[in-house]
**Student:** 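Sharing a structure with you now.
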Amino acid sequence: MSNFILNLIHRPEMVPEYAEKVTGHGKKENIGAKGLLTESLDIFKLQQSIAHKNGLKTTIQMTYASLFNAEAVQTAKDDNRKYGDEIALSLLGLPCNEFREKYKTKDFCIWMFSIEDKKAIVDDVFGKFYEIFGFYPASTGSYYMDAELINYIKEKYPQVICAITTCWEEGPKAYRTCNNSWYTLFDGGPWNPWIPSKQNTHAPAADETEDSGIVAIPHLSRDLLACFDGNGSNFGTHPQNVLRGMIYKDGEYPYLFNLIDQYRHLEKYNEGEAYNMVFVGPGWMNKAGRWEVPFELSVKSYEDCMAYYGKLKKEGKCVDMTMAEYAGYYRSKKTYTTPECALWRDILYGSDKQLFWYCDPFMRTCVDMNQGGALIDLRPYAAKINWPVGIGTKHVQDASYPFLVQSMYRAGFFTHYAGEGTIRSLKIHYNGEEADLCLCRTKAKFSQSGNTRSLTLDPVEIEFSDLRLTVQTVYDFEEGSSAVKTIRKILNMSKPAEVEFDEYITACYGTTEYPEDMTCVTLTVKGAEGEKVINYNYKCREVKSACAVYASAEIGAINTRIDFEPSGNAEAYVREGYAFSPMFTLGLKKKISDGGEFVSWLRLKKAK
């Protein structure tokens with residue numbers, strides 16, 4: 001039996017997003033128009049029939065609006081009985097005349113409501129579902145579900161064991177490509193299923209006490225390279241994404257199947273387990289066409305996609321599960337500390353670029369082989385940051401999990417005439433010259449020994465005016481340790497010499513491109529001279545200490561501490577930024593000669 005699992009999810013969204021404006025052709029808004037409802041239901045039924053024709057079962061996430069439609073309800077009951085489809089409940093698809101008359105709003109994103117309204121809407125929708133079907137759903141979902149919402153649902157409706165809870169990297173990049181009108185920001189979560197903590201949906205639970213009681217799945221399976229570099233809405237295993245990104249020619253879209261196969265390939269890094277999901281509503285397949293794509297191509301793309309999954313299933317290379325079935329499967333296969341790993345390569349632009357993604361209950365991070373193995377994304381899950389979302393909170397729309405390093409939003413390696421960006425890398429100093437591994441391209445291989453996952457990078461050659469040396473990097477991720485161990489080795493030198501390795505991380509905190517108040521940051525070095533402290537005030541100060549124990553930063557606003565620890569005798573330093581470059585840097589320095597190595601640990605903790 002294959003361990004490549006597919007969740008195929010459909011929703012009878014009677015008033016699909018955008019569809020009224022598209023099908024109405026400029027007429028006054030009427031979300032109860034019979035033509036709109038009929039077309040939406042017909043498309044839902046078409047999607048169901050395409051899946052069933054290919055031997056695939058679905059999870060039917062009933063929307064609030066669909067609960068008032070007798071034909072939608074009967075279709076769900078019939079397909080449950082005939083094909084084994086799960087009848088679930090979506091918290092998308094709220095807009096309908098009944099909802100607007102009751103709640104007097106055009107809001108439709110459940111996480112953006114006040115907590116009081118969230119609870120009232122949940123009770124309303126779950127109550128209506130029970131009235132129609134005689135049972136409560138085992139699965140639910142939305143684009144995003146905040147921790148307070150999940151905790152309330154689990155307490156009130158304990159039957160719920162699975163939910164769609166976030167959309168991977170749906171942040172400022174997606175916002176900008178929607179003409180600055182898509183006010184949904186939720187970067188920073190896992191890309192594959194996880195058990196969300198009670199404190200923060202994005203951060204996986206570290207143990208039973210943090211377990212929210214559900215298995216979370218992403219809203220879409222996205223391209224883990226193209227999506228990080230650009231707009232995620234164009235790069236996913238949902239055919240709509242590929243059409244929207246115009247990644248097709250003459251009605252063919254090989255990229256879609258390559259992307260599905262790359263998700264299958266993730267079993268190589270996750271003890272034989274791989275996962276994929278498709279979650280579609282009817283709006284993108286309406287008769288007027290979408291994304292400059294005719295209706296016929298929209299339908300063909302879905303037929304071809306389902307045929308590919310159906311073929312994999314027939315060959316024993318894919319298992320289709322409902323959401324509730326998958327929740328049980330996931331619990332049987334995974335522990336709380338089981339990490340999710342992805343060594344991902346470019347399959348779209350023809351480059352040799354690789355990214356390595358790692359996610360566990362303590363961190364999410366990304367290693368970029370195009371920058372010599374620099375860390376270009378780092379999220380401190382260990383802090384389990386309490387981040388209420390919605391009306392009445394500090395974060396009405398921004399549900400992202402804050403970053404410490406994010407090269408797309410905070411520049412990454414040096415790109416301007418002044419200042420620094422967030423990144424974790426190595427500088428090598430020799431006779432007044434400096435080289436940064438960020439300027440070296442390399443490749444990587446993945447391996448696992450016991451509870452340690454290792455990323456071994458191909459050696460890179462550094463050339464100074466009168467010295468050449470070859471350096472290799474190995475990252476070790478020990479399960480449950482909340483640390484990234486970095487091993488740097490000098491494999492050979494052109495002549496006997498000593499160079500200085502300068503391990504550093506330049507970081508800050510935030511969820512967008514815009515700077516935050518850094519005066520909440522405390523920088524500390526501990527070594528032979530005791531502790532030296534800088535309370536951040538934008539003054540470019542630096543302190544250092546020999547015989548280092550650690551360099552650390554405590555970021556009060558996100559309740560996070562970073563410790564940077566060396567092996568052996570090394571110097572530690574911390575450096576404060578300034579207003580034009582509001583970052584901080586932690587560093588470790590050590591003299592190395594031929595055959596030598598420098599080991600360091602980057603640890604994430606919850607601040608006291």
Side-chain angles (χ1 to χ4, degrees), residues 7 143-144 164-178 182 184-194 202 216-248 253-266 269-270 274-280 284 291 301 305 340-359 364-371 374-379 398-401 403 405-410 412 511-513:
N7 279 157
Y143 290 131
Y144 179 73
I164 300 167
T165 61
T166 196
C167 205
W168 195 75
E169 301 306 272
E170 189 84 17
K173 294 189 295 290
Y175 165 73
R176 289 195 300 268
T177 50
C178 291
W182 184 246
T184 57
L185 307 176
F186 25 84
D187 275 352
W191 60 91
N192 256 7
W194 76 104
H202 289 304
I217 63 175
H219 168 256
L220 289 173
S221 294
R222 291 271 173 80
D223 185 324
L224 301 186
L225 191 153
C227 183
F228 184 78
D229 288 350
N231 175 23
S233 295
N234 293 341
F235 314 108
T237 55
H238 184 337
Q240 174 189 3
N241 281 187
V242 176
L243 297 182
R244 180 159 46 190
M246 298 185 179
I247 313 170
Y248 62 93
Y253 14 76
Y255 168 71
L256 173 63
F257 307 114
N258 290 337
L259 186 55
I260 294 169
D261 285 349
Q262 180 135 226
Y263 267 94
R264 292 171 59 201
H265 184 70
L266 293 189
Y269 317 120
N270 296 282
Y275 173 85
N276 205 207
M277 72 93 72
V278 182
F279 180 33
V280 298
W284 68 282
W291 326 124
S301 72
C305 182
E340 196 74 31
C341 300
L343 182 53
W344 197 269
R345 65 185 181 89
D346 173 28
I347 56 170
L348 178 58
Y349 299 112
S351 74
D352 289 330
K353 186 174 179 180
Q354 281 182 317
L355 296 180
F356 176 73
W357 288 94
Y358 177 88
C359 173
R364 192 194 83 175
T365 193
C366 181
V367 180
D368 184 0
M369 267 51 72
N370 241 30
Q371 298 191 65
L375 267 62
I376 61 170
D377 184 275
L378 182 62
R379 313 279 172 157
D398 185 357
S400 296
Y401 196 94
F403 56 76
V405 171
Q406 219 288 353
S407 64
M408 293 297 167
Y409 301 149
R410 296 301 174 87
T511 58
T512 69
E513 302 98 325

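Residue numbers run from 1 in the order of the sequence given. Just so you know, these numbers use all the heavy atoms, side chains as well, and skip hydrogens, waters and symmetry mates.
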**Student:** Hey, are the side chains of Leu225 and Phe235 touching, using non-hydrogen atoms and a 4.5 Å cut-off?
**Tutor:**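 No - every pair of side-chain heavy atoms lies 4.5 Å or more apart.
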**Student:** When you measure from the side chain of Glu169 to the backbone of Gly188, do you find a donor-acceptor pair of N or O atoms at a distance under 3.5 Å?
**Tutor:**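 Between the backbone of Gly188 and the side chain of Glu169 there is a qualifying donor-acceptor contact (under 3.5 Å).
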**Student:** Compare all side-chain heavy atoms of Trp344 with those of Cys227 and state whether any distance is below 4.5 angstrom.
**Tutor:**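 A side-chain contact is absent here, since even the closest heavy-atom pair is not under 4.5 Å.
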**Student:** If you define the side chain from C-beta out and look only at heavy atoms, does anything of Asp223 sit under 4.5 Å from Ile347?
**Tutor:**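 In short, these two side chains touch, coming nearer than 4.5 Å.
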**Student:** Looking at Asp187 and Glu170, would you say the former's side chain and the latter's main chain have a donor-acceptor pair under 3.5 Å?
**Tutor:**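 Answer holds: yes.
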**Student:** Go through the structure and list residues passing side chain to side chain donor-acceptor pair (under 3.5 Å) with Arg345, not counting sequence neighbours.
**Tutor:**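 Testing Arg345 for side chain to side chain donor-acceptor pair (under 3.5 Å), a comparison that skips the adjacent residues, returns none.
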**Student:** Test: salt bridge (charged side-chain N to carboxylate O under 4.0 Å, His left out). Region: residues 226-238. Which pairs qualify, not counting sequence neighbours?
**Tutor:**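 Residue pairs passing salt bridge (charged side-chain N to carboxylate O under 4.0 Å, His left out), neighbours aside: Asp229-Lys353.
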**Student:** Taking the six-membered ring for Trp, are Phe279 and His238 closer than 6.0 Å centroid to centroid?
**Tutor:**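 Ring centres of His238 and Phe279 not closer than 6.0 Å.
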**Student:** Looking at Met277, is its backbone amide N or carbonyl O close enough to the side chain of Ser221 to form a donor-acceptor pair, meaning the two atoms are under 3.5 Å apart?
**Tutor:**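 Between the backbone of Met277 and the side chain of Ser221 there is a qualifying donor-acceptor contact (under 3.5 Å).
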**Student:** Do Leu355 and Asp368 make a side-chain contact, defined as non-hydrogen atoms from C-beta onward lying under 4.5 Å apart?
**Tutor:**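 Side-chain contact under 4.5 Å: yes.
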**Student:** Could you go through Thr512 and Tyr175, starting from their C-alpha distance and side-chain angles, then the distance that decides it, and tell me whether this counts as side chain to side chain contact (heavy atoms under 4.5 Å, CB included)?
**Tutor:** CA-CA 11 Å; Thr512 69; Tyr175 165 73; over 6 Å; no
**Student:** In chain order, what residues pass the side-chain contact (heavy atoms from CB on, under 4.5 Å) check against Asp261, with sequence neighbours excluded?
**Tutor:**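 Residues passing side-chain contact (heavy atoms from CB on, under 4.5 Å) with Asp261: Arg264, Tyr308.
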**Student:** Kindly indicate whether the side chain of Trp194, heavy atoms from C-beta on, has any atom under 4.5 Å from the side chain of Cys359.
**Tutor:**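 Trp194 vs Cys359: side chains apart.
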**Student:** Side chains of Pro193 and Pro218: closer than 4.5 Å at any heavy-atom pair?
**Tutor:**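 Yes. Closest side-chain heavy atoms under 4.5 Å.
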**Student:** Measure from the side-chain N and O atoms of Ser407 to the backbone N and O of Asp377, and report whether any donor-acceptor pair falls under 3.5 Å.
**Tutor:**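 Checked: no pair found.
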**Student:** Out of curiosity, Thr166 OG1 to Ile217 CD1, how far, rounded to the nearest 0.5 Å?
**Tutor:**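 If we round to the nearest 0.5 Å, Thr166:OG1 and Ile217:CD1 are 12.0 Å apart.
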**Student:** Supply the atom-to-atom distance Asn192 CG to Leu224 CG, rounded to the nearest 0.5 angstrom.
**Tutor:**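 Rounded to the nearest 0.5 Å, the CG-CG separation comes to 7.5 Å.
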**Student:** Please report the shortest heavy-atom distance between Leu348 and Ala226, naming the atom on each side.
**Tutor:**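 In this case the closest contact between Leu348 and Ala226 is CD2-CB, 4.3 Å.
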**Student:** Hey, are Asn270 and Tyr275 close enough side-chain-wise for a donor-acceptor pair under 3.5 Å?
**Tutor:**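 No pair is found: no donor N or O on one side chain lies under 3.5 Å from an acceptor on the other.
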**Student:** Short question: side chain of Arg222, backbone of Gly232 - any donor-acceptor pair under 3.5 Å?
**Tutor:**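 Between the backbone of Gly232 and the side chain of Arg222 there is a qualifying donor-acceptor contact (under 3.5 Å).
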**Student:** Taking the side chain as everything from C-beta on, heavy atoms only, tell me whether Phe356 gets closer than 4.5 Å to Leu343.
**Tutor:**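 The answer is yes; the side chains approach within 4.5 Å.
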**Student:** Does the Arg364 side chain pair with the main chain of Tyr358, one donor and one acceptor, at a distance under 3.5 Å?
**Tutor:**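 Not at all, since once roles are kept as given, no pair shorter than 3.5 Å links the two residues.
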**Student:** Does the side chain of Pro239 reach to within under 4.5 Å of the side chain of Tyr253, using non-hydrogen atoms?
**Tutor:**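 A side-chain contact is absent here, since even the closest heavy-atom pair is not under 4.5 Å.
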**Student:** Is the ring centre of Trp357 less than 6.0 Å from the ring centre of Trp168?
**Tutor:**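 So the answer is yes for these two rings.
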**Student:** Give, for atom CD of Glu340 and atom CG of Leu266, the distance between the pair rounded to the nearest 0.5 Å.
**Tutor:**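 If we round to the nearest 0.5 Å, Glu340:CD and Leu266:CG are 7.5 Å apart.
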